[in-house]
Amino acid sequence: MLQEAGHEVRGLDSLTPAVHNGRPSHVAWDLVEGDVRDPAAVDEALTGVDAVCHQAAMVGLGVDLSDLPMYSDVNVTGTAVLLEAMGRHGIGGLVFASSMVVYGEGAYDCAAHGRVRPLARDPGDLAAGLFEPRCPVCGSPLATSTVGEDAPLDPRNAYAASKVAQEHLAASWARLTGGVAIGLRYHNVYGPRMPRDTPYSGVAAIFRSCLENGVPPRVFEDGGQRRDFIHVRDVARANLLALSAVAGRGAGGRGPAGGGRGSGGTRGLADGSLRCYNVASGEPHTVGEMASALASGFGSSGGLEPVVTGEYRLGDVRHVVASPELAARDLGFRAQTRFAAGMAEFACAPLREPALTQV
């Protein structure tokens with residue numbers, strides 16, 4: 001999509017075998033094979049570059065405590081290495097992948113106490129099948145609402161904490177250099193070429209892998225968790241619009257005193273600042289609905305319909321439903337792929353084959 005828009009593109013990718021089985025055949029641009037934590041590889045990739053889209057990350061909720069160092073190393077240290085190198089190269093425009101996980105739980109209202117933040121999920125409640133958050137003041141049921149970019153950040157697992165850290169690092173880089181950063185808080189991304197058979201992929205890819213392997217998708221809790229599923233083509237378009245807003249802005253490595261308002265780009269985005277946006281469809285669905293849509297599109301029969309298990313993960317959250325209005329106003333971004341059509345396509349789309357799954 002960047003090339004179609006007339007951009008010269010260079011990529012940096014470690015091509016880790018947990019994600020890639022060698023160099024992807026669809027890559028038709030300059031690709032540096034290296035790790036974002038490696039200063040030499042980052043320097044090579046940044047030579048002659050005027051803006052950066054930073055997508056490199058260790059993703060997913062994680063499996064156990066042994067994942068904590070990797071989330072911190074790849075997501076936090078890798079971002080720090082990249083930002084330091086951008087400063088040295090005088091690159092002043094940054095777009096990076098943040099995530100809806102920075103919010104923790106979504107937005108909730110109590111009939112008696114108004115907007116509230118639910119407490120951390122209680123293991124006893126989850127074990128008893130009580131999945132819905134309650135008011136932290138009176139214990140009453142809560143109504144869900146849309147979460148906007150001004151909501152407090154409340155990371156509730158290691159991945160979420162690393163994405164919050166990336167946002168803080170980007171804000172620090174912008175202040176120190178006079179650069180301009182846009183963080184795109186992706187909601188649940190799905191689409192062709194997602195990696196198969198990995199617990200670190202998104203829930204849509206996990207369910208899709210189950211179907212391809214002849215295994216019924218296992219839906220945790222009661223399947224009523226609400227999410228916003230956003231197609232990867234829409235995510236790519238959001239990156240293109242954000243890149244257009246930051247390209248050429250804040251360049252030159254100015255110090256904190258040098259940043260004023262830029263002449264173009266997003267509304268009110270000053271040099272030396274970070275702005276974050278929800279990248280979401282605005283069309284929420286439950287995880288159970290998503291699993292059923294994939295199974296239907298895949299043509300499941302003979303026991304491959306989703307199974308609601310009642311299982312849970314303590315680091316999960318119940319409902320996160322986004323407001324996409326700020327991205328529409330500032331970036332001109334609206335999702336174009338509707339849920340039903342996107343899931344029907346994804347149900348039959350090819351998945352990426354990681355090298356580690358090869359026999």
[X] [atom1]: over 12 foreign heavy atoms closer than 6.0 Å:
| X | atom1 | result |
| --- | --- | --- |
| Glu212 | CD | yes |
| Glu4 | CD | no |
| Arg88 | CZ | yes |

Give a yes or no on whether the backbone of [Y] and the side-chain of [X] come within a donor-acceptor separation of less than 3.5 Å.
| X | Y | answer |
| --- | --- | --- |
| Asp122 | Gly124 | yes |
| Ser296 | Ser292 | no |
| Ser273 | Leu269 | no |
| Asp228 | Ser281 | yes |
| Arg10 | Ala45 | yes |
| Asn213 | Ser209 | yes |

Let's go through Tyr186 and Asn239 carefully: what are the C-alpha distance in whole Å and the side-chain angles of both, what is the deciding distance for side chain to side chain donor-acceptor pair (under 3.5 Å) to 0.1 Å, and is it a yes or a no? CA-CA 11 Å; Tyr186 302 159; Asn239 274 273; 2.9 Å; yes

Parallel, tilted or perpendicular for Tyr103 and His187, by the 30°/60° rule?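 Taking His187 first and then Tyr103, their aromatic rings sit tilted (interplane angle of 30° to 60°).
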
Start with the C-alpha gap between Arg193 and Val232, add the side-chain angles, then the distance that decides, and say whether side-chain contact (heavy atoms from CB on, under 4.5 Å) holds. CA-CA 10 Å; Arg193 292 202 294 264; Val232 68; over 6 Å; no

Between Arg117 and Glu105, does at least one N-O distance fall below 4.0 Å, as a salt bridge requires?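 Result for this pair is no, no salt bridge flagged.
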
Do [X] and [Y] have side chains that get closer than 4.5 Å, going by heavy atoms?
| X | Y | value |
| --- | --- | --- |
| Leu331 | Tyr277 | yes |
| Tyr159 | Met58 | no |
| Asp316 | Gln225 | no |
| Arg134 | Asp125 | yes |
| His7 | Leu240 | yes |

Measure the spacing between [atom1] of [X] and [atom2] of [Y] and express it to the nearest 0.5 Å.
| X | Y | atom1 | atom2 | value |
| --- | --- | --- | --- | --- |
| Leu211 | Leu304 | CG | CG | 6.5 Å |
| Gln166 | Thr79 | CD | OG1 | 3.5 Å |
| Cys276 | Glu149 | SG | CD | 8.5 Å |
| Asp330 | Arg275 | CG | CZ | 5.0 Å |
| His285 | Phe229 | NE2 | CZ | 8.5 Å |
| His231 | Asp234 | NE2 | CG | 7.5 Å |

Cluster overlap [X] with [Y], hydrophobic side-chain contacts below 4.5 Å:
| X | Y | value |
| --- | --- | --- |
| Val81 | Leu12 | yes |
| Phe298 | Val287 | yes |
| Leu142 | Leu119 | no |
| Val32 | Phe96 | yes |
| Val321 | Val189 | no |

Could you report the tightest heavy-atom contact between [X] and [Y], atom names first, then the distance?
| X | Y | answer |
| --- | --- | --- |
| Phe346 | Leu294 | CD2-CD2, 3.6 Å |
| Phe207 | Met290 | CD1-CE, 3.5 Å |
| Val95 | Leu243 | CG2-N, 3.7 Å |
| Ser99 | Lys163 | CB-CG, 4.2 Å |
| Pro118 | Arg156 | O-NH2, 2.6 Å |
| Val246 | Leu94 | CG2-N, 3.9 Å |

Stepwise side chain to side chain donor-acceptor pair (under 3.5 Å) check, Tyr108 with Glu132: CA-CA 11 Å; Tyr108 294 87; Glu132 293 292 339; 5.7 Å; no

Give the intermediate values and the outcome of salt bridge (Lys or Arg N to Asp or Glu O under 4.0 Å) for residues Arg338 and Glu283. CA-CA 8 Å; Arg338 302 296 297 272; Glu283 184 185 352; 3.1 Å; yes

Is there a side-chain contact (heavy atoms from CB on, under 4.5 Å) between His89 and Val49? Walk through the geometry before answering. CA-CA 8 Å; His89 285 260; Val49 166; over 6 Å; no

So which of Arg208, Glu345, Met343 actually passes side chain to side chain contact (heavy atoms under 4.5 Å, CB included) with Tyr190?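 Output: one option passes, namely Met343.
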
side-chain contact (heavy atoms from CB on, under 4.5 Å) evaluation trace for Leu46 with Met86: CA-CA 7 Å; Leu46 292 183; Met86 288 179 64; 4.0 Å; yes

Do Asp35 and Ser14 have side-chain N/O donor and acceptor atoms under 3.5 Å apart?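 Ser14 and Asp35 do not have a side-chain donor-acceptor pair below 3.5 Å.
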
When you look at Glu325 and Thr146, which way does the side-chain contact (heavy atoms from CB on, under 4.5 Å) test go after all the steps? CA-CA 10 Å; Glu325 294 307 314; Thr146 55; over 6 Å; no

For His168, all residues meeting side chain to side chain contact (heavy atoms under 4.5 Å, CB included), sequence neighbours excluded: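 Applying side chain to side chain contact (heavy atoms under 4.5 Å, CB included) to His168 gives Val164.
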
